[in-house]
Number of protein chains: 2
Amino acid sequence: MKIENPTSRDIADLAGVSQATVSRALRNSPQVRPETRARIQGIAKELNYFVNRNAAGLRTQHSNTIALLLFDETDGTDKKMNLFFWAMLDNITRAAAKLGYDVLVSLQQLTDDWHMEYQASHRADGLILLGYGDYAEYREKLDALAAAHTRFIIWGPIVKDQPGRSFGCDNESGGYQAANHLLALGRRRIAYIGRKRRGSPEHAARYDGYARALLEAGVECDDKLRVPADNSERLGYAAVKELLERGQPFDGLFASTDLIAIGAMRALADNGKTVPGDVSVVGFDDMPLAAHVTPALTTVQQNAEIAGTGLVANLVGLIEGRPIESRLMAPKLIVRDSCGGKARLMPAG
Amino acid sequence: MKIENPTSRDIADLAGVSQATVSRALRNSPQVRPETRARIQGIAKELNYFVNRNAAGLRTQHSNTIALLLFDETDGTDKKMNLFFWAMLDNITRAAAKLGYDVLVSLQQLTDDWHMEYQASHRADGLILLGYGDYAEYREKLDALAAAHTRFIIWGPIVKDQPGRSFGCDNESGGYQAANHLLALGRRRIAYIGRKRRGSPEHAARYDGYARALLEAGVECDDKLRVPADNSERLGYAAVKELLERGQPFDGLFASTDLIAIGAMRALADNGKTVPGDVSVVGFDDMPLAAHVTPALTTVQQNAEIAGTGLVANLVGLIEGRPIESRLMAPKLIVRDSCGGKARLMPAG
DNA sequence: CATTTGTGTTAAAACGGTGGCATGAAAATT
DNA sequence: AATTTTCATGCCACCGTTTTAACACAAATG
């Protein structure tokens with residue numbers, strides 16, 4: 001029983017039934033009698049038959065595929081996204097598979113004229129935009145997407161008036177948790193190192209959370225404790241050096257990314273400050289390195305499984321015409337060694 | 001000029017020409033007069049028209065898509081592949097795009113009945129199998145793939161009698177380079193820690209390269225210096241501890257993975273041995289952590305760009321019917337601090 | 001001038017499914 | 001027994017391309 005490229009018609013002939021019935025039987029239509037269905041499915045399996053996706057897609061006008069567009073913020077040698085996005089990819093493909101969708105991946109150049117083609121060519125039914133970076137720059141492209149009625153969802157914060165739907169991490173809450181943790185440990189002069197406003201709503205939100213925690217605790221939010229720095233070890237190092245040279249006293253430090261935190265810790269060590277003895281440090285991201293530095297870094301983690309499944313669920317919702325709103329997921333503080341004082345937070349056991 | 005979902009027929013009507021001519025014009029067929037072609041392409045762009053991939057694929061019987069099947073060797077929490085595979089994914093998508101192919105990604109469960117469907121359903125024209133792990137286990141699946149005339153290429157070593165084509169890293173050469181580096185630094189009692197034979201041809205090859213280097217240098221290849229260990233920090237630690245407890249003298253160490261090397265270095269430090277003073281250490285993989293441990297690890301690196309483009313080029317070759325042979329790419333030794341004695345290798349500058 | 005050779009275009013036949021409608025038989029209702 | 005309803009299946013149009021074969025028409029050839 002060998003047919004080179006079996007079609008549903010071949011199966012129909014073998015089963016002594018019409019081709020349409022085969023099509024229905026294979027999709028478990030209740031319209032076809034159970035025993036016929038079983039017979040047909042048996043023959044299909046026997047022949048190693050699989051539905052031709054092009055033909056089916058042509059007829060039904062959808063591909064059961066979503067496109068994942070990744071924008072890699074490669075800063076010279078350092079690939080910033082790495083493990084989190086890897087985990088995200090993992091969860092996205094799993095979630096998509098569970099809903100019957102394939103995932104098309106494209107690592108885009110920021111300059112490319114990407115995106116417009118995917119849905120128009122019926123290659124994909126919708127898009128996930130990941131690693132989007134500086135939103136303002138892409139505004140024009142998002143508008144074009146929306147104008148073409150492309151279904152897409154953005155991994156990122158909720159930005160006012162931005163077209164489309166987002167799914168992101170509640171950075172404000174993350175910043176709040178980080179600062180609160182430091183406050184609970186008795187720290188009162190907590191420095192903030194990171195981008196604050198320009199270009200990055202995520203980092204702005206992290207700062208806002210930090211500020212809210214201080215406010216609620218009745219601790220002054222001192223501008224002298226805030227040092228701007230982009231996401232790199234070097235700039236974290238420089239920022240701490242600046243604080244120390246200024247003679248600015250501080251006993252806690254919240255860095256808006258792990259890389260900054262790691263650079264900061266190195267700067268503290270190089271200048272005779274102990275972590276967590278003199279200064280407690282909290283980062284953001286939980287990158288893989290975070291658990292391996294000394295002392296292991298306490299940081300705010302985003303759950304990739306929730307993120308991946310959330311993105312897919314929302315996109316499929318859009319595709320299938322359900323009303324979908326932008327949403328944020330809660331990040332989680334991972335307590336390691338860089339803050340000390342675990343005992344003060346937990347009952348001795 | 002707005003048509004909701006323009007087809008080639010719409011363009012034909014607008015251009016006052018037949019639909020067939022539009023099809024040809026859009027694919028730059030020389031059969032259509034340059035001025036007609038230009039006019040048609042202008043209208044297509046105007047309408048934001050893109051060829052319906054399902055229809056085109058149905059007609060031509062190929063999808064211009066390759067499927068990337070990733071098998072994640074997740075050992076509990078640790079995702080081993082991470083950055084190398086991430087870089088690979090990056091290069092694969094780029095190389096594929098350059099040749100006009102899309103990439104469908106699937107992170108498979110090892111138990112899944114994957115693969116058979118991809119080509120049979122015309123979702124993909126061929127498969128790349130990545131992170132394949134223990135080959136023997138999958139032998140049956142590979143046979144099934146080959147029997148179904150599926151085009152596929154495996155990232156991994158060349159295994160005798162294995163169906164299909166492979167593209168991999170020359171692990172033997174990597175092991176040889178590692179051992180030679182240690183020998184060039186004057187080390188003579190070089191331990192090997194890693195899997196040797198069972199299940200992993202890659203690791204076997206690394207050992208073989210190590211053995212060849214020793215042989216060529218006239219250094220005895222002592223079985224007492226060889227400790228088996230699977231890929232984990234813990235087992236690398238344990239292996240070194242065993243050597244030390246045995247009282248086995250050694251001044252060099254080649255670990256078949258970076259994780260093992262990192263565990264080994266920690267064990268050495270814990271037992272009062274200095275790296276690279278007492279023992280020079282070389283790893284394999286160049287995982288991201290390698291550059292960040294202290295001392296920074298000298299290791300053997302595989303070039304993800306060569307790997308990604310090589311895999312894609314070979315697969316596309318198979319798809320397009322060219323004769324393709326299995327190939328290995330050369331890895332490269334990255335010299336950092338864990339061996340010391342750079343000066344001895346390079347002329348003083 | 002009749003005939004061959006190109007050249008640019010069109011008409012029409014696939015490609016392999018899906019889904020609306022028609023159909024005939026069996027079951028249920030009058 | 002005649003009619004309606006239900007069920008299972010068949011028929012056929014259609015999705016939007018690519019590609020073969022046919023066809024005008026012009027230029028080149030005998």
Side-chain angles (χ1 to χ4, degrees), chain A residues 3-41 43-44 47-65 100 117-125, chain B residues 3-41 43-44 47-65 100 117-125:
Chain A
I3 299 183
E4 200 52 35
N5 277 312
T7 70
S8 54
R9 177 150 284 118
D10 294 325
I11 298 181
D13 294 347
L14 257 58
V17 88
S18 84
Q19 181 270 333
T21 302
V22 172
S23 174
R24 286 193 269 261
L26 293 174
R27 278 169 306 126
N28 293 315
S29 160
Q31 280 187 67
V32 40
R33 193 155 25 109
E35 52 261 34
T36 343
R37 186 196 306 169
R39 185 159 44 94
I40 291 173
Q41 291 184 343
I43 297 175
L47 291 186
N48 247 300
Y49 167 83
F50 294 96
V51 174
N52 182 319
R53 291 311 231 41
N54 286 322
L58 173 59
R59 181 62 236 245
T60 61
Q61 303 283 34
H62 38 69
S63 56
N64 284 305
T65 299
E117 195 177 344
Y118 282 90
Q119 184 173 315
S121 68
H122 290 87
R123 255 206 283 262
D125 298 331
Chain B
I3 299 183
E4 200 52 35
N5 277 312
T7 71
S8 54
R9 177 149 285 117
D10 294 325
I11 297 181
D13 293 346
L14 257 59
V17 88
S18 84
Q19 180 269 334
T21 302
V22 172
S23 173
R24 292 207 181 80
L26 293 175
R27 280 168 308 122
N28 294 315
S29 159
Q31 280 187 67
V32 38
R33 195 153 23 107
E35 52 261 35
T36 339
R37 186 196 305 168
R39 183 159 44 95
I40 291 173
Q41 291 184 342
I43 296 175
L47 290 185
N48 245 300
Y49 167 84
F50 295 96
V51 173
N52 182 320
R53 290 312 232 39
N54 286 322
L58 173 58
R59 180 62 234 244
T60 60
Q61 304 284 32
H62 39 69
S63 55
N64 284 306
T65 300
E117 196 177 343
Y118 282 90
Q119 184 173 315
S121 67
H122 290 87
R123 255 205 282 264
D125 297 331

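A, B, ... follow the sequence lines: proteins, then strands. Residue 1 opens every chain.
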With Ala120(A), which residues qualify under side-chain contact (heavy atoms from CB on, under 4.5 Å), at least two apart?
Phe50(B)
What is the separation between atom CZ on Arg24(A) and atom P on dA8(D), rounded to the nearest whole Å?
12 Å
Search all heavy atoms of Ile11(B) against all heavy atoms of Tyr49(B) and return the closest pair with its distance.
CD1-CG, 3.5 Å
Determine the contact category for Val22(A): base if any of its heavy atoms lies under 4.0 Å from a base atom, sugar-phosphate if only primed atoms, P, OP1 or OP2 are that close, otherwise nothing.
nothing
Are Arg9(B) and dT17(D) close enough that a side-chain N or O sits under 4.0 Å from OP1 or OP2?
no
Would you work out how much the helix from dC1(C)-dG30(D) to dT29(C)-dA2(D) bends between its ends, with each end axis defined by five base pairs, to 10 degrees?
50°
NA contact type, Thr7(A), heavy-atom cut-off 4.0 Å: base, sugar-phosphate, or nothing?
sugar-phosphate
Between residues 118-125 of chain B and DNA chain D, which residues have a heavy-atom gap below 4.0 Å?
none
Are Leu14(B) and Leu47(B) close enough, and set up right, to give a side chain to side chain contact (heavy atoms under 4.5 Å, CB included), and what steps lead you there?
CA-CA 10 Å; Leu14(B) 257 59; Leu47(B) 290 185; 4.2 Å; yes
Listed by chain and number, what are the side-chain hydrogen bond (donor to acceptor under 3.5 Å, both in side chains) partners of Thr65(A), not counting sequence neighbours?
none
Compare every heavy atom of Pro6(A) with every heavy atom of Ile3(A), then report the nearest pair and how far apart it is.
O-CD, 3.4 Å
For residues 27-40 of chain B, which residue pairs qualify under salt bridge (charged side-chain N to carboxylate O under 4.0 Å, His left out), counting only residues two or more places apart or in two chains?
Arg33(B)-Glu35(B)
Would the distance check show the side chain of Asp125(A) and the main-chain N or O of Asn64(A) forming a donor-acceptor pair, the cut-off being under 3.5 Å?
yes
Could you tell me whether the phosphate oxygens of dT19(D), OP1 or OP2, come under 4.0 Å of any side-chain nitrogen or oxygen in Arg27(B)?
yes
Along DNA chain C, first and last positions that approach a heavy atom of chain A under 4.0 Å
dG16(C) to dG20(C)
Quick one: does any side-chain atom of Asp13(A) pair with a main-chain N or O of Asp10(A) as donor and acceptor, under 3.5 Å?
no
For Arg123(A), give me all partners under salt bridge (Lys or Arg N to Asp or Glu O under 4.0 Å), at least two apart in sequence or on another chain.
Glu117(A), Asp102(B)
Show, in sequence, the C-alpha distance, side-chain angles and deciding distance for Gln41(B) and Asn28(B), and conclude whether the side-chain hydrogen bond (donor to acceptor under 3.5 Å, both in side chains) test is met.
CA-CA 9 Å; Gln41(B) 291 184 342; Asn28(B) 294 315; 2.9 Å; yes
Who pairs with Thr60(A) by side-chain hydrogen bond (donor to acceptor under 3.5 Å, both in side chains), at least two apart in sequence or on another chain?
none
Just to verify, what does Ser29(A) make a side-chain contact (heavy atoms from CB on, under 4.5 Å) with, not counting sequence neighbours?
Arg24(A), Gln31(A), Val32(A)
Starting from the C-alpha separation in whole Å, work towards a yes-or-no answer on side chain to side chain contact (heavy atoms under 4.5 Å, CB included) for His122(B) and Ser63(B).
CA-CA 6 Å; His122(B) 290 87; Ser63(B) 55; 5.6 Å; no
Scan residues 52-63 of chain A against DNA chain D and write down, sorted by residue number, each residue with any heavy atom closer than 4.0 Å; if none is found, say none.
Leu58(A), Arg59(A), Gln61(A)
I'd like to check the salt bridge (Lys or Arg N to Asp or Glu O under 4.0 Å) partners of Arg9(B); sequence neighbours left out, ordered by chain and number.
none
Residues of residues 29-39 of chain B with a heavy atom under 4.0 Å from any atom of DNA chain C, listed by number, are Gln31(B), Val32(B), Arg33(B), Thr36(B)
Show your working on side chain to side chain contact (heavy atoms under 4.5 Å, CB included) between Val22(A) and Val17(A) and close with a plain yes or no.
CA-CA 7 Å; Val22(A) 172; Val17(A) 88; 3.8 Å; yes
Gln19(A) atom CD is separated from dC11(D) atom P, nearest whole Å, by 11 Å
Please report the shortest heavy-atom distance between Gly57(B) and Asn54(A), naming the atom on each side.
C-ND2, 3.5 Å
